[in-house]
Structure formats: structure tokens, C-alpha cells
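Notes to accompany the following structure.
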Amino acid sequence: MSGINGKVVVITGASSGIGEATARLLASQGANVVIGARRLEKLEKLAAEIRAEGGTIATQQLDVTKLEQMEQIIKLAEEQFGRVDAIINNAGLMPLSPLEALKIEEWNRMIDVNIRGVLHGIASGIPVMKQQGFGHFINIASIGAYEVSPTAAVYCATKYAVRAITEGLRIELAGQGIRVTLVSPGVTESELAETISDHEAREFMKEYRRIALPATAIARSILYALEQPSDVDVNEMVVRPVV
Ligand code: NDP
């Protein structure tokens, strides 16, 4: 067991990819994990597997675009496990397309999930963590938070926003015992590219995503930030595959 044994960790977007791998790893290290996503059946299946391995886990159907559902999962963590040590704002979408394709509904969905969803996690967590006098926000951005590539303008904009919000949060919460970490993955195996409806972007991504990290690599980065002593705040990690 590591330094996260007994910690209570809420993970959004845990029904696949990075969120799922993180739930498995943290539970295997003795954390009490609370997972949310829209596909409840996938969460329940994951929870059953984790429990069979001896892990402790609770599930809740969650749409991060709905503030009250985010508040509810935080309440669930408090009710079941007595506190909230960390919130991993991981849920995200990536329906890439050129701007001139005018896929406005997809832009709006990315803004709603990738930005508003993270803000809802922050809004739900701040009051609880301030009252506790401790806590840890881990927000998942992307290498798209540092550079813009064709077809990814809106996705990158949402991730630049997550980076800015995370930095602002860290600065504003200074002195309150609350840690703030940004984890920015490079290409990672997951279901993320399945949300791409644009043909050109889909073809480009097939090539771009040929070399990818396993989702467990990002889970280990998250574990690293979490298991540091409470006076150590890992501010930012960028994790890419070796090419
Ligand atoms: P996946 O598509 O495998 O996972 C995304 C997760 O987000 C799913 O569990 C999905 O579950 C959930 N989700 C989507 N919309 C919502 C919503 N409205 N409310 C709650 N949950 C939601 O992709 P990844 O694991 O790759 O993505 C995780 C994060 O990592 C994202 O923020 C992504 O941008 C980021 N990232 C990923 C990279 C990669 O190459 N894979 C690279 C850089 C960053 P459900 O559909 O059940 O709701």
C-alpha cells in the first residue's frame, strides 16, 4: 500500500480510458474511489471488478455539465467515506474538426464538458475542501493546452482554459492546505477519438494516434501527484509517449 491508502478520491469520466485506469490503480493502492460518468453500466462493471480485487469503490451516474450532479457525487463521497481528499476532473470530449466545417454543436459540447465540467468539479469541491482544511484538485488538460494543431482549435482552446483555470485555482487557494495539479497527457490509448465525426480529422487522428501511451501511464502520473506528502504540491506534469 502507498501513501494514498485510505484516501477518498472522486474521479469524473471513469467509464473508460484514463479515468478507468486511474480508478483501477488508485483502488489497488488502497484508496476509496468514487467514480462518475454517464454510462452507468460501464461504471458498475468496473466497480464489480475492482471489488473482486479487494478494492473499495462507489459509483454514481454523472453528467459533469450538470452542477447539481457534480455536487451530488461529492456528497456521496462524504456520506460514504467521511471526507474528500481529491477530485480528479478528467471527463472530456474531443470531436475534432476544421473551424470552417462549422460544427457548432460539437464546439458547444466541448466547451460544456471540458471547461464547464471542470469548473463544476471545482465549484463542488472548494466549499468541502475549505471546511476540511485539506484537499487536492487534479485537472486533466492535454498537450493541446500548450500547442494548437489543425482541426483542434476548439479542443485546444478548452484545454488552454483548463490550464489557465488550474493555475488560477492554485494561486487563489494558496495557504489553505489545498493542492492543485495539472496533468497534461500526450496521445494515450482510450475512446477519446471515437467522438470525432469529421472525416478529415478522423483520418488525421488515425495516423497521429499510432504511437500512444497506455492509459496506465497517465494513471501512474496521477498517483505520483497524489501520494506526495501533504506539503508537496506537484503543479504540472506533461506526459508524452517516446517517439
Ligand atoms: P475516453 O473517451 O476514454 O474517456 C472520457 C471519459 O469522459 C469517459 O469516461 C466518458 O464517459 C466521460 N464523459 C464524457 N462526457 C461526460 C459528461 N458530460 N459527464 C461525465 N463524464 C463524461 O478518453 P480519455 O480517457 O482519453 O479522456 C480523459 C481525459 O483525458 C479527457 O479530458 C481528455 O481530453 C484527456 N486527454 C486525453 C488524451 C488522449 O490521447 N487520450 C490526450 C490528452 C488529454 P461517459 O461517456 O460514460 O460519460
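Both counts, for ligands and for their atoms, begin at 1 and track the order of listing. All residue numbers refer to positions in the sequence shown, counting from 1.
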Open item on the list: Heavy-atom contact check, 4.0 Å cutoff: does Lys42 meet ligand 1?
Closed with: no

TODO: Find all atoms of ligand 1 within a distance of less than 4.0 Å from any non-hydrogen atom belonging to Gly17, and give their numbers and elements.
DONE: 3 (O), 25 (O)

TODO: Evaluate whether atom CD of Glu147 has more than 12 neighbouring non-hydrogen atoms of other residues, nucleotides or ligands under 6.0 angstrom away.
DONE: yes

Task: Mode of Glu20 contact toward ligand 1 - side chain, backbone, both, neither (heavy atoms, under 4.0 Å) - done: neither

Task: atom 40 (O) of ligand 1 - nearest protein heavy atom and its distance - done: Thr188 N, 2.8 Å

Task: Atom indices of ligand 1 within 4.0 angstrom of Ala14 heavy atoms, with elements - done: 9 (O)

Open item on the list: Evaluate Thr65 for polar contact with ligand 1, using N/O atom pairs at a separation under 3.5 Å.
Closed with: no

TODO: Look at Arg163 together with Glu167 and state whether they make a salt bridge at an N to O cut-off of under 4.0 Å.
DONE: no

Task: NZ/NE/NH1/NH2 to OD/OE distance under 4.0 Å, Glu78 and Lys75 - done: no

TODO: Could you tell me which atoms of ligand 1, counted from 1 in the order shown, lie closer than 4.0 angstrom to a heavy atom of Val187?
DONE: 40 (O)

Open item on the list: Please list the nearest protein heavy atom to atom 37 (C) of ligand 1 with its residue and the distance rounded to 0.1 Å.
Closed with: Leu192 CD2, 3.5 Å

Open item on the list: Counting neighbours of CD on Glu53 that are heavy atoms of other residues, nucleotides or ligands and sit closer than 6.0 Å, is the number greater than 12?
Closed with: no

Open item on the list: Test side chain to side chain contact (heavy atoms under 4.5 Å, CB included) on Gln80 and Asn32; report intermediate values, then the result.
Closed with: CA-CA 9 Å; Gln80 293 237 344; Asn32 300 308; over 6 Å; no

Task: Protein heavy-atom partner closest to atom 24 (P) of ligand 1 - residue, atom, separation in Å - done: Ser190 OG, 3.4 Å

Task: Closest approach of any protein heavy atom to atom 31 (C) of ligand 1, naming residue and atom - done: Asn90 O, 3.2 Å

Open item on the list: Can you tell me which portion of Val113 lies within the under-4.0 Å heavy-atom range of ligand 1? Options are side chain, backbone, both, or neither.
Closed with: side chain

- [ ] Mark up the atoms of ligand 1 that fall under 4.0 Å of a heavy atom belonging to Ser142, in ascending order.
- [x] 43 (C), 44 (C)

- [ ] Can you figure out which of Thr158, Val238, Val64, Ile11 has its heavy atom closest to atom 19 (N) of ligand 1?
- [x] Val64

Open item on the list: Out of the candidates Asn139, Asn235, Ile165, only one should pair with Arg170 under the side chain to side chain contact (heavy atoms under 4.5 Å, CB included) rule; please name it.
Closed with: Asn235

Open item on the list: Tell me the protein heavy atom at minimum distance from atom 1 (P) of ligand 1, and give that distance in Å.
Closed with: Ser16 OG, 3.4 Å

Task: Enclosure of Phe204 CZ (heavy-atom neighbours >12, cutoff 6.0 Å) - done: yes

Open item on the list: Please determine whether side chain to side chain contact (heavy atoms under 4.5 Å, CB included) holds for the pair Leu25 and Arg220, giving the CA-CA distance in whole Å, both sets of side-chain angles, and the decisive distance to 0.1 Å.
Closed with: CA-CA 8 Å; Leu25 180 64; Arg220 285 198 304 275; 4.0 Å; yes

TODO: Check ligand 1 against Leu93 and write out every atom of the ligand that is under 4.0 Å from a heavy-atom position of the residue.
DONE: 14 (C), 15 (N)

- [ ] If you have a sec, work out which protein heavy atom is nearest atom 13 (N) of ligand 1 and how many Å separate them, to one decimal?
- [x] Ala91 CB, 3.9 Å

Open item on the list: Taking 4.0 angstrom as the limit and counting only heavy atoms of Pro185, give me the atoms of ligand 1 inside it, by number and element.
Closed with: 42 (C), 43 (C), 44 (C)

- [ ] Have a look at Phe134 and tell me which of Arg83, Met129, Gln176, Arg179 forms a side chain to side chain contact (heavy atoms under 4.5 Å, CB included) with it.
- [x] Arg83

TODO: Give a yes/no verdict on whether any heavy atom in Thr12 is under 4.0 Å from an atom of ligand 1.
DONE: no

- [ ] Could you find the nearest protein heavy atom to atom 9 (O) of ligand 1 and give me its residue, atom name and distance?
- [x] Ser15 OG, 2.8 Å

Open item on the list: Once you restrict to heavy atoms under 4.0 Å, what part of Asn114 touches ligand 1? Side chain, backbone, both or neither.
Closed with: neither

Open item on the list: List ligand 1 atoms under 4.0 Å from Ala141, heavy atoms only on the residue side.
Closed with: 35 (C), 36 (N), 43 (C), 44 (C)

Open item on the list: Please confirm whether Lys159 approaches ligand 1 to less than 4.0 Å, judged on its heavy atoms.
Closed with: yes

Open item on the list: Looking only at the side chains, is there a donor atom on one of Ser97 and Asp198 sitting less than 3.5 Å from an acceptor on the other?
Closed with: no

Task: Which of the ligand 1 atoms, numbered from 1, are nearer than 4.0 Å to a heavy atom of Ile18 - done: 25 (O), 26 (O), 30 (O), 37 (C)

Open item on the list: Checking a contact table here: which protein heavy atom is nearest atom 42 (C) of ligand 1, and how many Å away?
Closed with: Gly186 O, 3.3 Å

- [ ] Please say which of Leu119, Ile73, Ile74 ends up in a side chain to side chain contact (heavy atoms under 4.5 Å, CB included) with Ser124.
- [x] Ile74

Open item on the list: Less than 4.5 Å apart, side chain to side chain, heavy atoms only: is that true for Ile11 and Leu26?
Closed with: yes

Task: Side-chain donor or acceptor of Lys103 paired with backbone N/O of Ser197 under 3.5 Å - done: no

Task: Any donor-acceptor pair under 3.5 Å from Lys159 side chain to Tyr146 backbone - done: no

